[in-house]
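A short worksheet on the structure shown next.
Computed over heavy atoms, backbone and side chain alike; hydrogens, waters and symmetry mates excluded.
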There are 4 protein chains.
Amino acid sequence: MTRRSGDTLDRLYAAAIELIGEHGYSATTVDEIVARAGVAKGTVYYHFKGKADLVSALLEDGLQRLAASFSAEIEGAQGPAEALRALVHAELLYIQRDQAFSKLVMSQMWRVDGDWQQDLRLLREQYVSVFAGVIAEGIESGAFRAGLDAQAAASTVFGMIATAALDWLVFRPEQTLDEVEAALTGMVLGAVGAAG
Amino acid sequence: MTRRSGDTLDRLYAAAIELIGEHGYSATTVDEIVARAGVAKGTVYYHFKGKADLVSALLEDGLQRLAASFSAEIEGAQGPAEALRALVHAELLYIQRDQAFSKLVMSQMWRVDGDWQQDLRLLREQYVSVFAGVIAEGIESGAFRAGLDAQAAASTVFGMIATAALDWLVFRPEQTLDEVEAALTGMVLGAVGAAG
Amino acid sequence: MTRRSGDTLDRLYAAAIELIGEHGYSATTVDEIVARAGVAKGTVYYHFKGKADLVSALLEDGLQRLAASFSAEIEGAQGPAEALRALVHAELLYIQRDQAFSKLVMSQMWRVDGDWQQDLRLLREQYVSVFAGVIAEGIESGAFRAGLDAQAAASTVFGMIATAALDWLVFRPEQTLDEVEAALTGMVLGAVGAAG
Amino acid sequence: MTRRSGDTLDRLYAAAIELIGEHGYSATTVDEIVARAGVAKGTVYYHFKGKADLVSALLEDGLQRLAASFSAEIEGAQGPAEALRALVHAELLYIQRDQAFSKLVMSQMWRVDGDWQQDLRLLREQYVSVFAGVIAEGIESGAFRAGLDAQAAASTVFGMIATAALDWLVFRPEQTLDEVEAALTGMVLGAVGAAG
DNA sequence: CATGAATGAGCATTCATTCAT
DNA sequence: CATGAATGAATGCTCATTCAT
């Protein structure tokens with residue numbers, strides 16, 4: 001399903017992610033994308049069915065990079081609290097590196113229409129189920145607060161981290177990753193009731 | 001055909017909020033807005049400089065309703081923990097009632113351009129500064145965890161509540177407000193280290 | 001036929017003449033006219049059938065001022081050459097004073113459509129017939145070149161003066177009226193073959 | 001539907017010149033232009049920034065054709081009087097052939113704003129400087145009246161010819177080019193004081 | 001006499017898409 | 001594989017006109 005064809009596609013992906021992250025999907029034109037990618041307009045329609053299909057492919061691509069960066073992170077973590085720390089670290093790092101993609105995702109997350117809404121739901125579930133797994137494990141082991149709804153808590157923790165990260169990058173870029181991570185980790189662990 | 005005056009602006013605001021909340025700013029056409037508002041197209045341009053100016057006015061309007069609903073809520077709260085509980089309640093209620101407006105705000109929050117970005121910043125600061133005040137008070141009084149950065153924590157708590165609320169309304173609408181509020185309040189108080 | 005009603009109409013005339021002289025008929029909006037005149041939009045439609053009717057009335061008004069300024073000028077002139085000098089003087093003076101109106105006339109002169117084209121034809125014939133009368137007299141009396149077609153010559157002389165005047169006012173405003181008049185009078189008299 | 005390339009711009013130029021010459025710039029719609037040119041609306045915006053830019057390009061185009069037709073004409077003329085006769089002939093012929101373009105130019109000449117005013121100034125200077133050169137030569141050689149301001153006289157002669165030509169084409173089309181040229185040449189030579 | 005909110009047909013412009021090369 | 005001139009439906013916006021006050 002993943003398309004490959006030299007770096008033409010990569011340049012289109014990169015250009016589209018940046019522009020859509022900055023201005024949104026509808027406000028980004030195919031002309032702008034191809035101008036930044038340095039290819040001709042027809043090229044988009046040679047590789048994709050249209051603008052929506054390009055974004056769809058791009059989301060699948062981002063989804064894979066995300067999944068890879070997450071699963072690598074939890075391996076070897078000592079217990080749920082450590083795993084959660086690791087996830088905070090991974091998500092912050094991912095958003096910092098792939099800021100444009102993250103903005104794109106956040107701005108489209110709660111839309112109800114759109115051609116690639118399906119892809120976004122999948123992406124979100126990937127994100128959230130990893131958190132849910134760790135939280136469920138913590139609840140079972142007594143490390144986290146009993147009575148927590150793992151699914152709902154996972155969504156909330158995901159949202160905490162995402163909004164904290166974007167707030168940092170957009171409104172307080174002078175702070176370092178370490179500062180943000182330290183403060184955020186404390187709040188996340190507190191939120192799930194980890195003994196501290 | 002319609003000659004009723006006075007509520008023309010309100011009808012335009014309501015229509016625009018709903019549509020933009022659902023489909024986003026660029027994807028919402030002026031034709032759609034005026035059709036839902038039941039006014040003629042020219043009316044928008046009689047009252048506003050353009051589509052962007054309508055949204056700007058609408059955001060200022062929403063800002064005022066929000067500020068009112070918040071400041072009413074904290075009055076009479078017994079201490080920071082109670083004030084925070086009250087704020088969680090107020091924000092959840094506000095988002096539930098003004099879901100369209102909230103989606104609009106969240107989808108535009110981290111844009112860097114746009115004509116009404118200024119208004120959004122103000123709105124966000126209003127939001128966050130109320131939280132920051134309560135959290136700072138809690139830190140001083142020893143009710144919340146020492147060493148917390150009140151500003152950053154306020155942003156994060158705001159994001160927690162907003163994402164939890166939208167996640168609820170979009171993905172798990174079968175849950176009741178009370179259920180969501182109970183779970184969320186626990187997590188928020190934990191996040192700021194309130195003695196539980 | 002001439003409408004009178006306090007200074008409201010005068011202000012509308014003045015505003016319309018200036019704006020249409022500067023930007024042309026189609027490019028001038030009713031909004032701009034009423035803004036400059038300091039009256040409400042509806043006022044135009046209370047006094048006139050519409051924008052075109054306003055211009056029509058305004059042209060009739062200008063026509064009368066013009067006719068007055070011309071007929072006063074030829075009276076008492078000693079022979080055709082003196083009358084022609086007097087007309088050059090009168091037209092230059094008129095264009096200088098009523099520059100906006102003159103630009104309006106010149107820019108619309110050779111249009112073939114338009115609702116007030118009839119008025120412009122009348123205006124032009126007024127202009128030209130005065131010249132034609134003087135030139136015909138000069139031909140008969142032998143003061144001007146024999147064989148001249150009085151009508152065609154009158155048109156040409158009118159055009160000479162008008163273009164020279166506007167060229168002066170737009171491109172060489174630093175020259176004085178006297179300089180321009182002296183040079184132009186010599187050329188006009190030469191053009192009709194006046195002895196010396 | 002049309003896919004012929006190459007002459008697309010020429011067709012747009014021709015259509016725009018005709019329509020704007022007849023009805024003026026503002027009163028001419030892009031829809032009318034593309035309908036007459038037989039191309040799609042978007043084509044205008046593919047090649048030009050907008051309607052104003054199309055007119056600007058069109059004026060530059062007309063300027064070049066004009067300059068060519070003029071400089072060809074004066075070569076080989078015997079002395080200033082002959083050169084002036086040749087220029088009268090050239091300008092009459094040009095206006096007759098390119099009547100629409102000439103009307104466009106005359107109707108916009110004394111505007112003070114507009115996006116292509118710059119182009120018109122250039123065009124006018126091209127026109128006038130050729131006349132000014134010939135007249136200056138005539139003054140020096142004693143063929144024309146001493147004391148004439150070559151620049152001002154050139155403007156005036158240009159205006160004489162242009163208004164005479166348009167008056168002829170619009171109001172007295174039954175006359176022949178030869179009749180008009182004969183009468184006009186006499187007046188022009190008289191105006192510059194050529195010994196006759 | 002005069003107002004100005006409201007109208008809606010008409011306009012310039014945009015932009016995703018097509019297709020001959 | 002890739003191009004870019006051309007398309008035309010859709011969009012934001014303008015503006016002469018209407019009408020209740």
Whole angstrom is fine here: how far is it from [atom1] in [X] over to [atom2] in [N]?
X	N	atom1	atom2	value
D:D7	F:dA6	CG	C1'	13 Å
C:R11	E:dT3	CZ	C1'	14 Å
B:H47	F:dC13	NE2	C1'	16 Å
D:D53	E:dT14	CG	P	12 Å
C:D10	E:dC1	CG	P	14 Å
C:L12	F:dA16	CG	P	14 Å
A:H23	E:dT14	NE2	C1'	16 Å
A:L54	E:dA16	CG	P	11 Å

Is any side-chain N or O of [X] closer than 4.0 Å to OP1 or OP2 of [N]?
X	N	answer
A:T43	F:dC1	no
C:T8	E:dC1	no
B:Y45	F:dC13	yes

Does any non-hydrogen side-chain atom of [Y] lie less than 4.5 Å from one of [X]?
X	Y	answer
C:V34	C:T43	no
B:R121	A:V170	yes
C:R124	C:L120	no
A:D53	A:Y45	no

Whichever of A:G38 and B:E32 has its nearest DNA chain F nucleotide further upstream toward 5': A:G38
5' precedence on DNA chain F between D:G42 and B:D31 (nearest-nucleotide basis): D:G42
5' priority, DNA chain E, between A:V30 and D:V30 [closest heavy atom]: D:V30
Polar side-chain contact D:K41-E:dA12 base: donor and acceptor under 3.5 Å: yes
Donor-acceptor pair under 3.5 Å, B:K51 side chain vs F:dT11 base: no
Need one value for [X]: base, sugar-phosphate or nothing, where a base atom within 4.0 Å counts as base even if backbone is also close, heavy atoms only.
X	answer
D:G50	sugar-phosphate
B:V44	nothing
D:T28	sugar-phosphate

Residue list, salt bridge (charged side-chain N to carboxylate O under 4.0 Å, His left out) with D:K49, at least two apart or on another chain: none
Nucleotide nearest A:T29 (side chain, heavy atoms from C-beta), chosen from F:dA16, E:dC15, E:dT7: E:dC15
Under the 3.5 Å Watson-Crick or G-U criterion, the dot-bracket string of DNA chain F, with | for inter-strand pairs: .||||||||||||||||||||
Derivation of the side chain to side chain contact (heavy atoms under 4.5 Å, CB included) call for D:Y13 and D:L54: CA-CA 8 Å; D:Y13 284 168; D:L54 163 61; 4.0 Å; yes
Main-chain N/O of D:L104 paired with D:Y25 side-chain donor or acceptor, under 3.5 Å: no
A:S102 side chain to A:D98 backbone, donor-acceptor under 3.5 Å: yes
